[in-house]
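Read the structure below first, then the notes.
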Amino acid sequence: MTIKKSNAAKKVIDVYSWPTPNGHKVHIMLEECGYRLGRDWIAHPIDIGAGDQFTPDFLKISPNNKIPALVDPYGPDGKPISIFESGAILLYLASKTGKFLPKTIRGKYDVLQWLMFQMGGLGPMLGQNHHFRLYAPEKIEYAINRYTNEAKRLYGVLDTQLKDNPYIAGKTYSIADIAIYPWTRNWKNQGIEINDYPNFKRWFEMIGKRPAVQRGCEVLTALRKPLHDDKAREQLFGSTQYQRRK
């Protein structure tokens, strides 16, 4: 696979991605910031079931072989910049546009702590939940119970936080909301009963009505296929994932 690039003279942002929660975080952020798909940014599919994430061209911009990665031809110093890790991309776009991250030090850390909650807890734990509930070749009761219970605990944390706050980090919509929402879209598959978390449910339904969120969650979805192929399972979960790359 050869990484495609847009015409740098047009200053279009290239996003190398796939329709996963981490991919959708960046798709949503771009749309929320006023960038429009096909005009201001291009979504280049990195088919993680086909192994596109392991190609040398992609590893140059995402050395951890994970999507998404972003290349902005007009970076902070007027020169191209490439960024991997979805949380870092959200922070970059927030800094570039001045949107969805408070300017005050207190407000900024109110948001950043919840962004870290998603990056270090919610995302990894729900990812393990998905794996053992949906994708593992054998059903391991201990693993399913462990990660389902942790999912319930994390949804409880969100529900408590949202009891007195309209948004995750307080009164204002932020990158914390953008980071968390895509990971909670599959609450049914995570063993969650949404009615047990009424504050979360209110937030979830409100965020889901935002036009930019709806647009972002549609990006590349037409390319996604059910994970029934043994080769795709190997690319995602097998030994290919653990090879050392130089």
Side-chain angles (χ1 to χ4, degrees), residues 3 5-6 8 11-35 37 40-46 48 52-105 107-127 154 167-169 172-185 207 212-213 216-217 219-220 241 245:
I3 291 290
K5 298 179 181 179
S6 300
K11 298 182 180 177
V12 174
I13 293 175
D14 289 307
V15 178
Y16 301 92
S17 189
W18 196 243
T20 69
N22 283 335
H24 286 322
K25 283 155 62 173
V26 174
H27 308 159
I28 290 169
M29 181 64 173
L30 283 160
E31 292 293 316
E32 288 282 21
C33 288
Y35 296 100
L37 179 64
D40 307 303
W41 70 284
I42 302 294
H44 302 282
I46 300 296
I48 58 177
D52 291 351
Q53 69 273 34
F54 303 118
T55 60
D57 278 354
F58 184 68
L59 289 172
K60 289 179 181 178
I61 59 173
S62 184
N64 194 32
N65 62 258
K66 304 291 184 182
I67 63 93
L70 175 148
V71 177
D72 184 352
Y74 193 71
D77 51 4
K79 298 177 182 179
I81 185 172
S82 65
I83 303 174
F84 70 100
E85 287 293 333
S86 57
I89 294 172
L90 293 185
L91 288 169
Y92 171 73
L93 292 171
S95 175
K96 181 182 177 74
T97 64
K99 296 181 178 181
F100 308 118
L101 185 63
K103 301 295 190 297
T104 65
I105 294 176
K108 182 180 295 184
Y109 283 102
D110 283 341
V111 170
L112 290 180
Q113 62 188 348
W114 287 102
L115 177 64
M116 297 303 111
F117 166 84
Q118 187 281 304
M119 298 296 297
L122 189 75
M125 293 299 102
L126 295 187
L154 291 166
Y167 297 101
I168 294 294
T172 306
Y173 181 66
S174 73
I175 56 174
D177 301 280
I178 293 171
I180 289 170
Y181 176 79
W183 276 101
T184 62
R185 292 176 68 216
I207 300 301
V213 171
C217 288
V219 175
L220 299 175
Q241 190 72 233
R245 293 175 173 82

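It should be emphasised that the depicted structure is a prediction, and the values quoted were computed from it without experimental measurement. Numbering of residues begins at 1 and proceeds along the displayed sequence.
- E31 places no side-chain N or O within 3.5 Å of a backbone atom of V213 that could act as its donor or acceptor partner.
- A donor-acceptor contact shorter than 3.5 Å links the side chain of Q53 to the backbone of I48.
- Using a distance-only test at 3.5 Å, with no hydrogens or angles considered, no donor-acceptor pair links the side chain of N22 to the main chain of S86.
- Within the model, atoms CD1 of I28 and CD1 of I207 stand 9.0 Å from one another, a figure rounded to the nearest 0.5 Å.
- The two residues D177 and T172 make their nearest non-hydrogen contact at OD2-O, 3.9 Å.
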Could you please spell out the steps behind the side chain to side chain contact (heavy atoms under 4.5 Å, CB included) verdict for S17 and L220? CA-CA 8 Å; S17 189; L220 299 175; 4.2 Å; yes
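- For F84 against A88, the heavy-atom pair with the smallest separation is O-CB, 3.6 Å.
- Distance CD1/I180 to CG/L126: 10.0 Å, rounded to 0.5 Å.
- Not one N or O on the side chain of N64 forms a donor-acceptor pair closer than 3.5 Å with the backbone of K66.
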Show, in sequence, the C-alpha distance, side-chain angles and deciding distance for C217 and Y181, and conclude whether the side chain to side chain contact (heavy atoms under 4.5 Å, CB included) test is met. CA-CA 10 Å; C217 288; Y181 176 79; 4.1 Å; yes
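- Residues that satisfy the salt bridge (Lys or Arg N to Asp or Glu O under 4.0 Å) test with K108, not counting sequence neighbours, are absent from this structure.
- The backbone N or O of L59 sits nowhere less than 3.5 Å from a side-chain atom of S62 that would complete a donor-acceptor pair.
- What you find for W18 and P45 is that their closest heavy atoms are CZ3-CB, 3.8 Å.
- Comment: D40 does not engage K11 in a salt bridge, judged by the lack of any side-chain N to carboxylate O separation of less than 4.0 angstrom.
- S95 contributes no side-chain N or O that, together with a main-chain N or O of Y92, makes up a donor-acceptor pair within less than 3.5 Å.
- Checked by atom type and distance alone, the side chain of K99 never pairs as donor or acceptor with a backbone atom of A94 at under 3.5 Å.
- Y35 is linked by a side chain to side chain donor-acceptor pair (under 3.5 Å) to nothing, counting only residues two or more places apart in sequence or in another chain.
- P102 places none of its side-chain heavy atoms less than 4.5 Å from the side chain of D110.
- In this structure, the side chains of V15 and I42 stay at 4.5 Å or more apart for every pair of heavy atoms.
- Nearest approach of G121 to L154, heavy atoms of both residues: O-CD1, 4.1 Å.
- Atoms CG and CD1, from D72 and I89 in turn, are 11.0 Å apart once rounded to the nearest 0.5 Å.
- Between the CD1 atom in I67 and the OG1 atom in T20 there is a gap of 3.0 Å [rounded to 0.5 Å].
- The heavy-atom pair separating I178 from M29 by the smallest distance is CD1-SD, 3.6 Å.
- Atom CD1 of residue I13 and atom CD1 of residue I81 lie 11.0 Å apart, to the nearest 0.5 angstrom.
- The distance from atom CG of L91 to atom CG of L115, rounded to the nearest 0.5 Å, is 5.5 Å.
- With K103 contributing its side chain and G98 its backbone, the two residues share a donor-acceptor pair below 3.5 Å.
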How far apart are the C-alpha atoms of L93 and L70, what are their side-chain angles, what is the distance that settles it, and do they pass the side chain to side chain contact (heavy atoms under 4.5 Å, CB included) test? CA-CA 10 Å; L93 292 171; L70 175 148; 4.3 Å; yes
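- Classification of the H44-Y16 ring pair by plane angle, with boundaries at 30° and 60°, yields parallel.
- Closest of all the heavy-atom pairs between W183 and G127 is CZ3-N, 3.8 Å.
- Ring planes of H27 and W41: parallel class, angle under 30° (limits at 30 and 60°).
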